[in-house]
Amino acid sequence: MYERYCKLRDALGYRDSDVAKGTGITKSTFSDWKNGRSIPKEEKLKKIALFLNTSVDYLRYGDKTPSYDLNTDIPHTKTTNQEIIEFANRIMSDEDETFRKRFISALAKAKPEFWDSLERIVDETLNKD
């Protein structure tokens with residue numbers, strides 16, 4: 001289960017600390033899960049699934065494709081995350097080492113400073129008419 005969580009988390013460009021902050025779950029819970037000391041309880045799995053816009057069943061059982069049937073009060077997040085996951089899955093399933101695949105891999109390893117710089121570039125680009 002932890003492997004599926006990691007794969008999805010990485011595809012979305014998150015770290016455990018991002019998921020912890022977004023769900024209110026302590027970082028030690030993720031550490032314990034990673035090290036096999038515990039498995040998150042149902043309530044925590046629901047929060048993680050909601051944050052990652054997937055289902056608890058996907059995290060537990062690993063259907064081939066994550067499910068996006070959650071009802072959420074967060075507007076447009078589900079659609080955006082679904083698009084990102086589908087895009088990343090298409091690229092990462094490519095056998096060749098294409099630029100897009102290397103780019104997604106680089107994004108997955110990006111530090112917070114990179115995201116700040118990229119956000120400024122995107123904002124500047126979108127504000128130019």
Side-chain angles (χ1 to χ4, degrees):
M1 181 168 56
Y2 185 76
E3 291 79 20
R4 281 185 294 280
Y5 156 76
C6 288
K7 187 174 181 178
L8 184 56
R9 178 204 62 203
D10 292 347
L12 292 168
Y14 294 124
R15 298 172 304 215
D16 283 344
S17 58
D18 300 318
V19 180
K21 184 176 179 181
T23 60
I25 298 171
T26 63
K27 292 179 193 176
S28 64
T29 296
F30 292 95
S31 177
D32 289 346
W33 190 17
K34 177 181 180 179
N35 294 310
R37 289 189 292 264
S38 69
I39 296 173
K41 295 184 179 172
E42 184 71 17
E43 182 68 26
K44 290 180 181 179
L45 281 176
K46 286 179 181 178
K47 289 179 180 183
I48 293 166
L50 180 61
F51 183 84
L52 297 174
N53 288 307
T54 192
S55 67
V56 171
D57 283 345
Y58 174 75
L59 292 174
R60 276 200 188 111
Y61 309 115
D63 301 331
K64 186 174 182 180
T65 305
S67 171
Y68 303 100
D69 59 356
L70 294 175
N71 293 321
T72 177
D73 294 331
I74 305 169
H76 79 275
T77 302
K78 186 163 108 176
T79 303
T80 302
N81 283 348
Q82 183 176 4
E83 289 172 355
I84 293 168
I85 290 168
E86 289 170 358
F87 176 71
N89 284 338
R90 278 194 314 270
I91 290 171
M92 298 315 283
S93 66
D94 187 2
E95 295 294 323
D96 298 329
E97 287 296 319
T98 63
F99 169 73
R100 292 190 313 175
K101 187 172 185 176
R102 288 181 295 140
F103 182 70
I104 294 298
S105 294
L107 290 178
K109 298 172 187 169
K111 295 183 178 178
E113 302 81 40
F114 169 81
W115 291 107
D116 294 340
S117 298
L118 187 59
E119 183 176 19
R120 282 191 298 279
I121 291 169
V122 169
D123 289 345
E124 289 172 9
T125 302
L126 291 176
N127 288 329
K128 291 182 181 177
D129 291 312

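The analysis underlying the following values was restricted to heavy atoms, covering all of them including side chains, and did not include hydrogens, waters or symmetry mates.
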Heavy-atom donor-acceptor pair, Arg9 side chain to Arg15 backbone, under 3.5 Å: no
Heavy-atom pair with the smallest gap, counting every atom of [X] and [Y]:
{"X": "Leu59", "Y": "Leu45", "result": "CD1-O, 4.0 Å"}
{"X": "Asp18", "Y": "Gly13", "result": "OD2-O, 4.3 Å"}
{"X": "Val56", "Y": "Ala49", "result": "N-CB, 3.8 Å"}

Within this structure, what is the CD-CD distance for the pair Glu119 and Glu124, rounded to the nearest 0.5 Å? 11.0 Å
If you measure from CG on Leu8 to CG on Leu12, what distance do you get to the nearest 0.5 Å? 5.0 Å
Looking at Asp16 and Lys27, does any basic side-chain N land under 4.0 Å from a carboxylate oxygen? no
Not counting sequence neighbours, which residues clear ring pair (Phe, Tyr, Trp, His ring centres under 6.0 Å) with Tyr5? List them please. Tyr2, Phe30, Trp33
List in chain and number order the residues that pass ring pair (Phe, Tyr, Trp, His ring centres under 6.0 Å) with Phe103, two or more places apart in sequence or in another chain; answer none if no residue qualifies.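 Testing Phe103 for ring pair (Phe, Tyr, Trp, His ring centres under 6.0 Å), a comparison that skips the adjacent residues, returns Phe99.
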Within 6.0 Å of CD1 in Ile39, more than 12 heavy atoms from elsewhere: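 No, the 6.0 Å shell around CD1 holds no more than 12 heavy atoms from other groups.
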Can you name the side chain to side chain donor-acceptor pair (under 3.5 Å) partners of Glu43, sequence neighbours left out?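 In terms of side chain to side chain donor-acceptor pair (under 3.5 Å), with neighbours along the sequence ignored, Glu43 is linked to no residue.
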Looking at residues at least two apart in the chain, or sitting in another chain, which of them share a side chain to side chain donor-acceptor pair (under 3.5 Å) with Thr26? Ser28, Thr29
Sub-4.5 Å side-chain heavy-atom contact between Ser55 and Arg60: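 Not in contact.
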Would you check if Lys7 and Arg4 make a side-chain contact, meaning some heavy-atom pair closer than 4.5 Å?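 Counting from C-beta outward, Lys7 and Arg4 never come under 4.5 Å.
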Any residue meeting side chain to side chain contact (heavy atoms under 4.5 Å, CB included) with Ala110, in chain and number order, not counting sequence neighbours: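 With neighbours one apart ignored, the set is Phe114, Trp115.
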What residues form a side chain to side chain contact (heavy atoms under 4.5 Å, CB included) with Asp116, not counting sequence neighbours? Arg120
